[in-house]
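See structure below.
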Amino acid sequence: MRRFPLIAALALATALSSPALADEAPAPVAAPQVAPQPAPKLVLAISVDQFSADLFAQYRRHYTGGLKRLQEGAVFPSGYQSHAATETCPGHSTLLTGTHPARNGIIANNWFDPGIARADKRIYCSEDLSDPASTSRDPVVSASLLKVPTLGEWMKRANPASRNVAVSAKDRAVVMMGGHQIDAGYWWKGSAFVTFKGRELSPAVQAQNAAVAKVLKSGAPALNPRPWCGAQDRAIAVGKSTVGTGRFKLEPGAKGDALRISPRMDQATAELAIRLVDEMKLGQGAAPDLLSVSLSATDYIGHAVGNEGVEMCIQMAEVDAAIGKLLAHLDARGIDYAVVLSADHGGLDAPERSNQQALPAAVRVDDALRPDRLAKAITARTGISAKQGPLLYADGASGDFYVNRGLSAQEKDRVIDALVSIARAHPQVAAVYTNGELARMPMPTANAQDWSILDRVRASFDAERSGDVLILLDRAVTPIPEPMPGAYIATHGSVYDYDRRVPMLFWRKGLTPFEQGAPVETVDIAPTLAALVGVKTPDGTWDGRCLDLDGGERDTCAVK
Ligand code: ZN
């Protein structure tokens with residue numbers, strides 16, 4: 001403390017003794033006292049599903065709506081979903097819990113418990129295992145598998161008058177952003193928004209469902225690409241069909257899926273959020289409220305037709321408009337709100353188009369890595385097979401692999417050894433780890449940008465829930481052996497930055513805007529927003545850190 005005036009005096013003397021500095025720079029002055037802003041009345045947390053940092057970089061100059069506004073705030077173009085399991089459920093679990101999947105337990109969209117009593121050994125990340133009616137494919141939706149509270153729950157603990165509301169096309173996005181105590185949560189199922197078992201749809205949701213039903217009945221016109229979509233409007237052969245030239249025309253009497261895999265899904269979700277703001281008077285009560293909005297259409301479109309065709313170009317303009325409409329509504333209501341926008345993961349385009357676009361390494365996964373084919377190869381090598389059920393349980397050609405529990409301990413070890421050896425020898429496999437190896441690893445502490453593959457895997461590893469073996473594919477290997485154009489041709493889920501890097505944009509009226517290119521993490525979002533709303537949590541609550549959202553003298557992380 002005593003040394004500081006001396007150093008300051010020396011700095012001042014140096015500045016004054018330098019003619020160049022004395023001419024060009026004003027003498028240093030004490031920083032003005034900047035009053036902290038009061039807590040916002042509403043926190044709006046937006047997730048754009050599968051919105052990679054690459055998509056943001058490609059389209060950011062074209063935005064004119066909500067995504068233009070958010071670029072006038074605190075812009076972090078390199079946000080990291082740091083972990084390996086770059087899927088929707090783990091990704092959404094990091095956004096508002098401030099914790100990695102290794103801690104919050106959400107290690108994948110689906111994992112397996114070969115020892116579970118029910119016939120369905122697959123576990124869906126947001127299902128209620130205690131409800132006998134629940135299956136992984138038709139889940140009773142619940143946050144019971146999420147091991148930590150969300151920001152909305154911390155806000156409610158600090159002030160029970162705070163409301164915690166979440167909407168999305170996906171139940172898992174609602175549950176992972178909202179958490180265990182959700183005042184209102186709605187997601188899409190079939191052709192309408194639905195809610196938790198035992199709850200009623202509010203009049204706002206009924207009105208939104210009626211509006212959607214009308215559109216499905218009457219159909220809706222094609223959506224035209226903006227002029228800047230240019231050469232993206234080009235047919236690419238994938239399987240027996242083509243992608244790249246779609247316009248999202250909705251035929252009269254269309255099924256719910258035609259709307260779901262289109263920009264109209266995001267419009268409907270944003271409209272529902274707007275209706276709920278008015279119905280619940282969000283941001284107009286005694287305590288700050290949290291509204292989570294996860295917009296799923298970017299992901300559905302990315303999976304169905306890839307992310308470099310005209311369809312994604314249309315979607316990028318439409319999602320920008322949908323977000324703009326939501327922000328304009330909050331403005332019109334005079335609500336003091338803060339916004340964060342990020343994503344649950346990025347994505348990779350279909351290999352058929354990537355091959356034409358300077359990425360010859362892009363391929364589809366070899367059939368030999370399918371779980372059933374691997375099991376056959378193991379049986380051929382060891383003579384071991386399962387008496388009941390498959391030898392291996394897995395949700396695809398990469399990620400967690402579980403060995404049937406009907407084997408002896410010795411047989412299980414031999415199966416694991418064989419699987420590791422067969423997978424490691426495959427030219428499309430980047431790394432293979434066993435549960436035991438990962439359990440001995442400490443959590444990484446370096447900058448997420450510099451993490452090894454092992455570090456990334458560790459951050460979404462849970463010794464009880466993760467597989468006996470984890471298989472990670474090479475860069476640009478798409479784990480979809482048989483593409484289905486219009487439904488499923490491209491994906492995410494890899495350990496690479498095209499799936500890990502996402503934008504993180506914050507905006508609030510009155511903040512000094514800035515852009516910070518240094519990498520940050522999505523687990524930083526919750527501590528950042530907690531500080532903004534003045535909610536204190538016990539030491540060690542977060543895996544991330546508070547980001548100061550004011551580019552000027554004000555510090556939004558300062559204790560209020
Ligand atoms: Zn997703």
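These values consider heavy atoms only, across backbone and side chains, with no hydrogens, waters or symmetry-generated copies. The structure displayed is predicted, hence computed values, not measured ones. When a ligand or atom number is given, it counts from 1 through the structure's own listing order.
- Salt bridge status for D455 with R458: absent, with no side-chain N to carboxylate O gap under 4.0 Å.
- Residues R465 and D113 are not paired through a salt bridge, judged by the lack of any N-O separation under 4.0 Å between the basic side chain and the carboxylate.
- Under the 4.0 Å criterion applied to side-chain N and carboxylate O atoms, D120 and R122 are not assigned as salt-bridge partners.
- Ion pairing between E311 and R247 fails under the 4.0 Å rule for side-chain N and carboxylate O.
- When the Zn ion (ligand 1) is compared with the N/O/S atoms of D344, atom OD2 turns out nearest.
- Around the Zn ion (ligand 1), the two atoms NE2 of H345 and OG1 of T88 are separated by an angle of 110°, to 10 degrees.
- Among the heteroatoms counted here (N, O or S) of D49, OD1 is the one nearest to the Zn ion (ligand 1).
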